[in-house]
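In what follows, a structure is listed as structure tokens, so that the remarks can point back to it.
Quick note on labels: first sequence line is chain A, next is B, and so on, each numbered from 1. Just so it is clear, the model here is predicted, and its values are computed rather than measured.
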Amino acid sequence: MTESAAKKLPRIVVNEKLCKGCSICVDFCPTDVLEMKGSIAAVKNLEACTRCQLCDLRCPDFAIQVFD
Amino acid sequence: MTESAAKKLPRIVVNEKLCKGCSICVDFCPTDVLEMKGSIAAVKNLEACTRCQLCDLRCPDFAIQVFD
Amino acid sequence: MSDRYEIRFSGSGGQGMILAGIIMAEAAAIYGDKNAVQSQSYGPESRGGASKAEVIISDGPIDYPKATAIDCMLAMTQEACTKYHGDIKSGGILLVDSEEVKTIPQGAFKVLSFPIIGTAREALGKTIVANIISLGMIAELTGVVTNEAVEKAVLSRVPPAFLDLNKKALQIGFESARKLK
Amino acid sequence: MSDRYEIRFSGSGGQGMILAGIIMAEAAAIYGDKNAVQSQSYGPESRGGASKAEVIISDGPIDYPKATAIDCMLAMTQEACTKYHGDIKSGGILLVDSEEVKTIPQGAFKVLSFPIIGTAREALGKTIVANIISLGMIAELTGVVTNEAVEKAVLSRVPPAFLDLNKKALQIGFESARKLK
Amino acid sequence: MAEKKKKLLQGNEACVEGALYAGCRFYAGYPITPSTEIMEGMSVRLPKLGGKFIQMEDEIGGIAAALGGSLAGLKSMTATSGPGFSLKQECIGYACLTEIPLVIVDVMRGGPSTGYPTGPSQSDIMQAKWGTHGDHPVIALTPSTVPEILTETIRAFNLAEQFRTPVMVLYDEILGHMREPVTIPNPGEFAVEDRAKPEVKPEDYYPYDDKFLIAPLAPFGSGYRFHVTGLNHKQDGFPTNDSKVIRENNLRIMRKVDINRETIWKNEEVMLDDAEVVIFTVGSTARSARFAVNELRKVGVKAGLLRPLTIWPFPDRAVAEISSRVKAIIVPELNLGQMTLEVERVAKGRCAVEGLYRVDGEPITPSQIFHEVRKYL
Amino acid sequence: MAEKKKKLLQGNEACVEGALYAGCRFYAGYPITPSTEIMEGMSVRLPKLGGKFIQMEDEIGGIAAALGGSLAGLKSMTATSGPGFSLKQECIGYACLTEIPLVIVDVMRGGPSTGYPTGPSQSDIMQAKWGTHGDHPVIALTPSTVPEILTETIRAFNLAEQFRTPVMVLYDEILGHMREPVTIPNPGEFAVEDRAKPEVKPEDYYPYDDKFLIAPLAPFGSGYRFHVTGLNHKQDGFPTNDSKVIRENNLRIMRKVDINRETIWKNEEVMLDDAEVVIFTVGSTARSARFAVNELRKVGVKAGLLRPLTIWPFPDRAVAEISSRVKAIIVPELNLGQMTLEVERVAKGRCAVEGLYRVDGEPITPSQIFHEVRKYL
Amino acid sequence: MSTPVAEKKEKLSVPFDYNKYLRPNKLPHIWCPGCGHGIVLKAMLRAIDKAGLDKNNIALVSGIGCSSRTPGYVDFNTLHTLHGRALPFATGIKLAKPEMKVIVVTGDGDALAIGGNHFIHACRRNIDITVLVFTNATYGMTGGQYSPTTPLESIATTSRYGNIEPPFDTCEMAKASGATFVARGTAYHTIELEKTIHEAITHKGTSVVDIIDACPTYFGRANKFKSATQMMEEIEKDGTVNVKQAASLPPEKLAGKMLRGVLHKVERPEYCEKYETLIMEKANAKK
Amino acid sequence: MSTPVAEKKEKLSVPFDYNKYLRPNKLPHIWCPGCGHGIVLKAMLRAIDKAGLDKNNIALVSGIGCSSRTPGYVDFNTLHTLHGRALPFATGIKLAKPEMKVIVVTGDGDALAIGGNHFIHACRRNIDITVLVFTNATYGMTGGQYSPTTPLESIATTSRYGNIEPPFDTCEMAKASGATFVARGTAYHTIELEKTIHEAITHKGTSVVDIIDACPTYFGRANKFKSATQMMEEIEKDGTVNVKQAASLPPEKLAGKMLRGVLHKVERPEYCEKYETLIMEKANAKK
Ligand SMILES: Cc1ncc(C[n+]2csc(CCOP(=O)(O)OP(=O)(O)O)c2C)c(N)n1
Ligand SMILES: Cc1ncc(C[n+]2csc(CCOP(=O)(O)OP(=O)(O)O)c2C)c(N)n1
Ligand code: SF4
Ligand code: SF4
Ligand code: SF4
Ligand code: SF4
Ligand code: SF4
Ligand code: SF4
Ligand SMILES: [Mg+2]
Ligand SMILES: [Mg+2]
């Protein structure tokens with residue numbers, strides 16, 4: 001990550017067709033970026049995202065991705 | 001074994017109906033008491049017998065016994 | 001075929017449709033004086049996807065255990081509704097969850113629509129009892145078993161800690177249906 | 001059935017009766033101009049006990065592969081002799097090892113007796129070739145295949161190191177039989 | 001009182017009730033859809049009755065352990081479905097030849113192979129008879145309602161114990177998973193048979209005593225020390241290659257079922273007396289058939305139903321009798337024609353025999369049968 | 001030249017020759033009497049031809065590995081006997097549904113169970129057809145001489161490859177272990193068929209393309225990436241629960257054998273034209289039968305022999321035809337009546353059908369057949 | 001690597017493009033919400049990508065079970081066999097085409113219950129196959145019976161009174177039977193898992209990775225876990241320790257924990273190679 | 001105990017009376033001249049005698065193979081099952097009648113090839129069964145194919161070019177899968193074997209004794225052994241070393257040798273006991 005990237009916010013994409021609402025991404029996000037909206041994961045605090053990709057890595061359903 | 005037993009010779013019985021002639025008893029007798037007669041084990045040197053029972057113990061066919 | 005009363009509960013796996021079917025059958029056959037047969041079908045995975053439970057109620061022996069001409073069907077999801085409404089007989093009833101089922105199928109049957117899951121969430125805080133609400137509604141709408149029998153059947157299937165919750169859900173079901181009729 | 005010539009080799013497992021049968025069949029079908037079928041039977045353990053090999057030789061096709069009326073039988077042990085002599089046809093030949101078979105069965109067949117194993121031991125120092133001696137005897141006694149064919153068949157089955165031994169055994173067989181005839 | 005014991009049970013649950021009623025005290029198996037509820041039920045219920053339950057590493061282990069349990073004197077059962085039934089076949093032959101009582105339940109699902117695990121089928125009927133190598137006696141029962149699963153499971157245990165042979169209970173996924181009200185029988189309501197125990201002293205005991213058609217079977221550990229082998233054996237249980245003994249024994253194990261087939265057979269007959277077309281079928285399909293027969297009678301068609309509850313030994317006599325006085329026998333089955341072959345064989349051309357097959361994971365409906373029968377009239 | 005290649009071979013050795021001639025390059029199995037010589041022969045011969053041999057941990061592993069080898073593109077075989085054949089049944093169903101070519105040789109021994117391992121029998125005939133769960137197509141060949149074991153093994157490979165299905169070769173212990181002179185065929189003397197390879201691009205390839213009755217099968221690793229499952233599947237190989245697709249596919253795999261049965265059937269007919277009593281039998285028993293027919297003709301009895309080299313699909317047409325013009329069909333078999341059931345079914349009462357059974361580890365002799373036939377005249 | 005920090009070191013700047021390996025239109029997969037099998041599948045795909053394997057050259061073979069549904073989703077040569085039989089099928093493919101990379105994905109029931117014999121024999125032969133065992137301590141597909149890895153006293157539909165059968169240590173079994181690469185990972189430690197799988201598939205010989213993952217639907221519910229997350233934390237994170245870290249931990253910190261990472265790695269001649277060099281050569285020399 | 005001297009220490013003054021345990025008129029047994037199975041049978045009978053077991057209370061269970069013919073000769077409750085299946089049958093007997101002493105006699109093929117899965121699962125359960133594996137490195141009954149214990153490069157009827165499959169270490173396998181008593185003996189060390197078997201049958205839990213013995217007919221002939229005696233000397237005597245002596249031997253003296261004696265012994269709750277205490281109690285408490 002370059003220093004200037006701190007300014008550019010990441011893009012977090014949840015595929016609502018694929019998300020099964022297990023909340024694993026929410027529970028394991030180290031900076032509490034995500035929340036459950038009903039039975040779908042959603043972004044609540046994009047600024048805090050560190051692009052660590054853990055949400056994607058642990059999502060069992062190919063349902064969330066974080067782009068730079 | 002008592003000392004007096006040294007005089008009394010053991011009795012070695014080969015069951016000819018059971019002996020299959022493998023020669024294991026002959027080959028492993030520590031004092032060379034036995035020999036093969038055709039395809040049956042036989043005693044050739046009873047005096048040397050120490051009653052160690054190895055012939056019986058290793059006979060696969062229940063075919064040889066050594067009595068005191 | 002005339003003395004058969006056929007009910008189908010449909011929704012998605014995990015919504016408790018099979019339990020609703022079982023309770024309905026018990027209400028009729030154990031706590032009522034009828035005969036009943038309950039069956040279901042799973043997808044090949046035995047979970048996920050559309051699921052259905054069927055109950056045939058009759059005064060006499062019931063041979064064929066599957067629905068042939070449905071008197072009353074419940075659909076808790078759009079997928080189930082679309083997939084399973086075909087066997088409703090003319091003059092039958094289709095009860096759908098109004099929030100889930102937006103495309104109402106056409107047919108010679110009466111369609112009733114009610115926010116079943118929403119009611120469970122709002123009135124009781126637990127969507128899990130939506131199936132019990134729907135059961136109450138079906139019982140009330142069809143009258144094929146008495147409300148008392150249904151209540152006995154529900155209570156015998158529910159762990160003690162949840163007796164109250166389920167009793168309430170059932171009452172809500174009875175009442176909501178009465179209003180819809 | 002008339003053009004079938006039936007030979008049975010019998011003895012105990014490990015005496016090479018099956019090999020003798022195979023060589024006989026090869027002598028007829030591969031090195032001679034006949035047809036031949038060879039078969040055998042084992043006990044359920046496939047070793048030990050009485051064992052037999054049968055060879056059917058014919059000018060034409062051979063349907064039934066087992067002996068029906070035996071022209072010539074060899075018995076290398078008493079057990080085999082007792083168990084298997086029953087199928088020898090009237091006028092057939094029974095060749096036994098004279099040291100092993102003490103109780104000669106009665107029947108309308110010709111019995112020839114010869115110390116086959118003893119000869120192998122004394123003349124060649126190897127009882128293992130008793131089966132080849134017996135093969136030579138059977139060939140000579142029956143004349144159903146030529147001695148040359150039998151010799152070719154033996155030599156093709158035997159490892160190079162043992163060619164001589166087996167050749168000698170076969171010759172002994174031929175000669176012994178000639179004397180018995 | 002009786003009402004208290006009326007329960008809404010799944011077919012597989014009724015099977016558990018029947019087994020326990022019959023005195024089953026040993027279960028070993030491996031889970032497989034759609035039979036798993038039997039195993040789950042046994043795991044909960046058996047320990048309460050002092051019985052033993054074990055989940056084995058595979059189906060072969062399941063039936064082998066159940067046979068061990070039976071030999072040790074407990075009434076034993078295993079349950080499975082298609083692929084597991086195939087795996088158990090080698091042991092089924094062993095049970096037949098060694099004459100160890102056992103009940104094997106096969107809840108039939110769509111095949112071949114993994115096929116359609118949650119779909120119904122009746123395609124193990126021939127496998128039940130011919131799945132293992134070598135000729136062997138087969139008894140197989142085919143209930144068609146949930147209460148009948150309970151009672152036929154009791155009957156299966158009784159037959160297994162009486163005839164010292166494995167007995168199969170075959171039903172399809174629909175029956176295994178559907179629920180019907182069942183009244184649990186009181187003790188004494190149904191007869192429960194136990195295998196004969198030897199009356200002689202241990203030293204005079206032969207496990208296959210040729211004085212008997214079916215010799216008494218002493219449990220292991222009871223002082224009767226004997227030998228059991230899957231090799232052809234003599235009356236004392238030891239291997240033989242005496243062809244006379246082999247033949248006699250191979251024929252006897254067939255005969256014990258064959259000469260008793262009248263008592264093993266069990267048919268339900270619906271309006272056969274004046275029937276012109278008869279439906280021959282089993283299991284859930286028989287329910288559609290009965291429905292269809294009623295409808296056909298309403299429109300004046302003389303239809304009848306012959307429903308065997310014992311499919312093996314095949315009900316030759318009943319089929320032969322019917323075939324000589326009807327126009328046609330219709331055989332609906334959830335397979336591609338297995339019972340049909342047997343009906344054809346027995347009918348010997350005396351009437352038309354027509355199969356009605358379905359292998360798409362759906363039941364044969366009453367109206368399919370209705371229309372098929374009408375073709376003949 | 002030709003003479004040089006004449007050898008005295010055991011039936012099991014001839015099977016090896018036939019397999020190699022047909023292009024078999026993969027063998028996996030587990031030893032069992034009386035089939036073991038096939039495996040031993042393959043272990044020596046295959047490596048010399050660049051082929052692969054593996055002894056697996058059990059029979060199931062044997063057939064599964066052979067199926068893997070076939071899917072990877074090598075013509076594959078496994079061989080076994082009764083108990084091992086029972087164990088392989090689950091995988092046989094898998095091969096049928098997934099349509100993987102394979103040759104399975106079963107050298108039949110006395111049963112049931114461990115039975116009489118070194119004794120002959122013909123008691124796996126029904127197991128070959130019904131041993132696995134679910135309906136599935138079965139092709140099974142029944143040679144009766146050692147040279148025929150060679151040629152029928154070639155035919156088995158050809159049929160397996162043409163029809164994308166497992167093909168069985170069944171013969172009894174007598175044939176497996178007896179020796180007869182065999183002339184090893186030269187290359188080109190017999191046709192050798194290979195499975196169809198796809199002609200479309202990988203992206204257009206369906207492993208069960210419904211444009212075909214029998215779709216081409218691409219080997220794994222050839223750039224055609226596809227999915228294979230034992231679940232009911234669509235033309236693209238993926239699981240489905242669409243009942244129409246399930247039905248169509250289940251029917252298609254039966255149909256591919258059924259509509260081609262005329263080319264799969266192969267019968268030998270001996271003096272059938274004027275026969276009044278016909279013997280129907282296979283394998284070593286057919287040798288006794290032919291012997292008996294010759295003897296019967298000598299004494300003026302009009303006997304004939306119908307000998308199927310293809311026992312499955314069952315030769316319905318030939319039996320039906322014969323049954324309408326003879327007094328009796330006699331069915332000698334080394335079992336308790338398996339083919340007899342089929343002959344009865346097809347004969348439909350048009351002639352007498354009489355089984356002649358033997359299960360004592362001994363062959364049926366010509367004179368037994370001779371006397372049985374005479375009863376009918 | 002039991003801390004999120006350790007995982008973060010592996011930070012990726014762009015998301016991994018799974019579509020390169022997934023078959024189009026097959027998602028959503030059949031697995032339940034929170035099922036660990038999806039996480040394992042993703043780690044496997046990243047490992048395969050890292051290894052740079054050619055899709056045409058990979059055979060992915062499975063048995064029957066939830067985990068065994070994996071092949072259906074990925075664009076390789078895929079084979080969904082019979083319950084327990086993935087390994088002998090895979091053995092056939094590998095021996096027939098040694099140039100292919102053969103990977104077996106299998107459940108703990110599939111691999112170790114009905115398939116246990118094939119498992120130990122594949123290990124013994126040291127045939128070049130990678131075996132990924134999805135260990136969720138249950139038979140998910142049939143509804144939650146106990147499996148050979150279910151912990152003592154756990155509840156399952158066939159052990160309502162608590163399981164009395166001690167679980168296998170899959171890694172010990174693999175090692176004792178002869179596998180030359182043996183490792184353990186978890187769905188929770190997904191980056192570590194990716195590396196472990198990568199190391200397994202690049203090893204020559206039988207490589208086994210025991211992968212602890214969660215079945216929230218059956219094992220979770222029956223044993224009072226509230227969520228997949230809780231299972232991952234308690235079973236996968238707190239229940240395991242990396243073998244390298246373990247070396248420096250006091251025994252009381254290791255009690256009851258399973259070791260993660262590469263537990264055994266040796267070089268021994270591979271089966272197909274031996275077939276080529278020994279058998280083929282001798283057979284053709286003898287001629 | 002690799003020297004005859006050590007064996008002699010156990011000198012008996014009268015021959016052991018095997019007839020107490022043999023069935024009348026069953027001898028001679030079917031085994032070939034020099035086959036080690038007979039020697040093992042005798043050691044087993046002496047061990048049973050020493051343990052003072054009641055014949056009525058012993059179930060001797062086998063599969064199929066030469067070794068599996070053992071039960072036919074002895075006067076217990078004897079069961080000759082199917083190839084590979086002795087252990088599940090034995091498990092059924094034991095669970096149904098826990099008061100019986102259940103002993104399984106099995107070949108290396110029976111136990112470890114076709115029966116491998118049952119073997120590891122019996123060990124895992126720690127059910128109180130003694131398993132005596134007659135390891136002759138071949139399938140004797142079917143005529144000498146290689147087995148899972150055949151040494152590398154040995155000749156067999158299915159490995160004419162030399163065996164390329166590494167053999168199992170049966171003891172390692174048993175231990176890894178959970179057996180609580182694991183030992184090895186040989187037919188040559190017959191007195192030691194008797195003691196080892198005695199210790200095995202008096203142990204509570206799954207006990208496994210791997211017994212190296214000779215098949216002169218197939219393994220011997222194919223691998224150029226001249227006699228059973230030579231096999232016993234080279235394979236059993238020189239090829240093994242007692243685990244206690246091994247402790248004091250330099251590594252070069254141990255190379256390529258198998259360890260004899262009790263290799264693993266721990267106490268862990270036995271399966272049938274747990275069934276009684278845990279399951280039965282909970283089931284009946286819950287009522
Ligand atoms: C021969 C056979 N026996 C049993 C089954 C039923 N069955 C399907 S999957 C399965 C167990 C699956 O457990 P596991 O392999 O651990 O996979 P999971 O579902 O837990 O991922 C069983 C018992 C079957 N399909 N075939
Ligand atoms: C299902 C089955 N497969 C194969 C066989 C054939 N068979 C009988 S014994 C045996 C191997 C015996 O080897 P082992 O167990 O080591 O005993 P041994 O004869 O060496 O003492 C085999 C393969 C069989 N009887 N049943
Ligand atoms: S982890 Fe994936 S499936 Fe689960 S809630 Fe998050 S996005 Fe949805
Ligand atoms: S990338 Fe990391 S920080 Fe950002 S949402 Fe995902 S888990 Fe949270
Ligand atoms: S007892 Fe010992 S010394 Fe005597 S003969 Fe036997 S082995 Fe030899
Ligand atoms: S060991 Fe036994 S069988 Fe062998 S030669 Fe000696 S007495 Fe005979
Ligand atoms: S049942 Fe368990 S293993 Fe199967 S998909 Fe659901 S969570 Fe996963
Ligand atoms: S073949 Fe081998 S194992 Fe079998 S009895 Fe003979 S020597 Fe023993
Ligand atoms: Mg699992
Ligand atoms: Mg062995």
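Between E:Gln127 atom CD and F:Thr132 atom OG1 the span is 6.0 Å, to the nearest 0.5 Å. In this structure, OG1 in F:Thr114 is found 9.0 Å from CG in E:Asn232, a value given to the nearest 0.5 Å.
In this structure, no portion of E:Phe85 lies under 4.5 Å from any heavy atom of chain F. For chain F, no part of E:Ser121 is nearby; none of its heavy atoms comes within less than 4.5 Å.
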Next on the checklist: As a quick check of understanding, evaluate side-chain contact (heavy atoms from CB on, under 4.5 Å) for E:Leu251 and F:Leu336, giving each step before the final call.
Outcome noted: CA-CA 8 Å; E:Leu251 292 176; F:Leu336 290 171; 3.5 Å; yes
Checklist entry - Going through the checks in order, is the side-chain contact (heavy atoms from CB on, under 4.5 Å) test met by F:Tyr116 and E:Leu231? => result CA-CA 6 Å; F:Tyr116 192 34; E:Leu231 286 165; over 6 Å; no
Next on the checklist: What verdict does the side-chain contact (heavy atoms from CB on, under 4.5 Å) test give for F:Glu344 and E:Arg345, after you've listed the backbone C-alpha separation in whole Å, the side-chain angles of each residue and the deciding distance to 0.1 Å?
Outcome noted: CA-CA 6 Å; F:Glu344 273 182 0; E:Arg345 177 179 63 77; 3.4 Å; yes
Item to check | Check against side-chain contact (heavy atoms from CB on, under 4.5 Å), E:Leu341 and F:Trp130 | outcome: CA-CA 12 Å; E:Leu341 294 172; F:Trp130 300 111; 3.4 Å; yes
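Of all the heavy atoms in F:Ser86 and E:Gly131, the pair that sits closest is OG-O, 4.1 Å. Residues F:Pro83 and E:Glu90 share a closest heavy-atom pair of CB-OE2, 3.4 Å. Of all heavy-atom pairs spanning E:Gly93 and F:Pro112, the tightest one is O-CB, 4.3 Å. Between F:Ser123 and E:Asp135 the shortest heavy-atom distance is CB-OD2, 3.7 Å. Annotation for F:Leu87 and E:Ile60: closest pair CD2-CD1, 3.7 Å, computed over non-hydrogen atoms. A pairwise comparison of heavy atoms in F:Asn250 and E:Val359 identifies ND2-O, 3.1 Å as the closest pair.
Ranked by heavy-atom pairs under 4.5 Å with chain E, the list F:Val346, F:Val343, F:Ile246 is led by F:Ile246. Across F:Ala128, F:Gly84, F:Ser243, the residue that shares the most heavy-atom pairs under 4.5 angstrom with chain E is F:Ser243. In terms of heavy-atom pairs under 4.5 Å with chain E, the best-connected choice from F:Ala347, F:Ser81, F:Gly115 is F:Gly115. The greatest number of non-hydrogen atom pairs below 4.5 Å with chain F, out of E:Gly111, E:Gly230, E:Gly337, E:Gly349, is found for E:Gly230. Note on F:Lys244, F:Arg247, F:His136: by heavy-atom pairs under 4.5 Å with chain E, the leading option is F:Arg247. For the set F:Met254, F:Gln338, F:Lys88, F:Gln89, the entry with the most heavy-atom pairs within less than 4.5 Å of chain E is F:Gln338.
Under the 3.5 Å distance criterion, the side-chain polar atoms of E:His133 are matched with a main-chain donor or acceptor of F:Ser113.
Counting heavy-atom neighbours within 6.0 Å of E:Lys129 NZ, excluding the residue itself, gives a total above 12.
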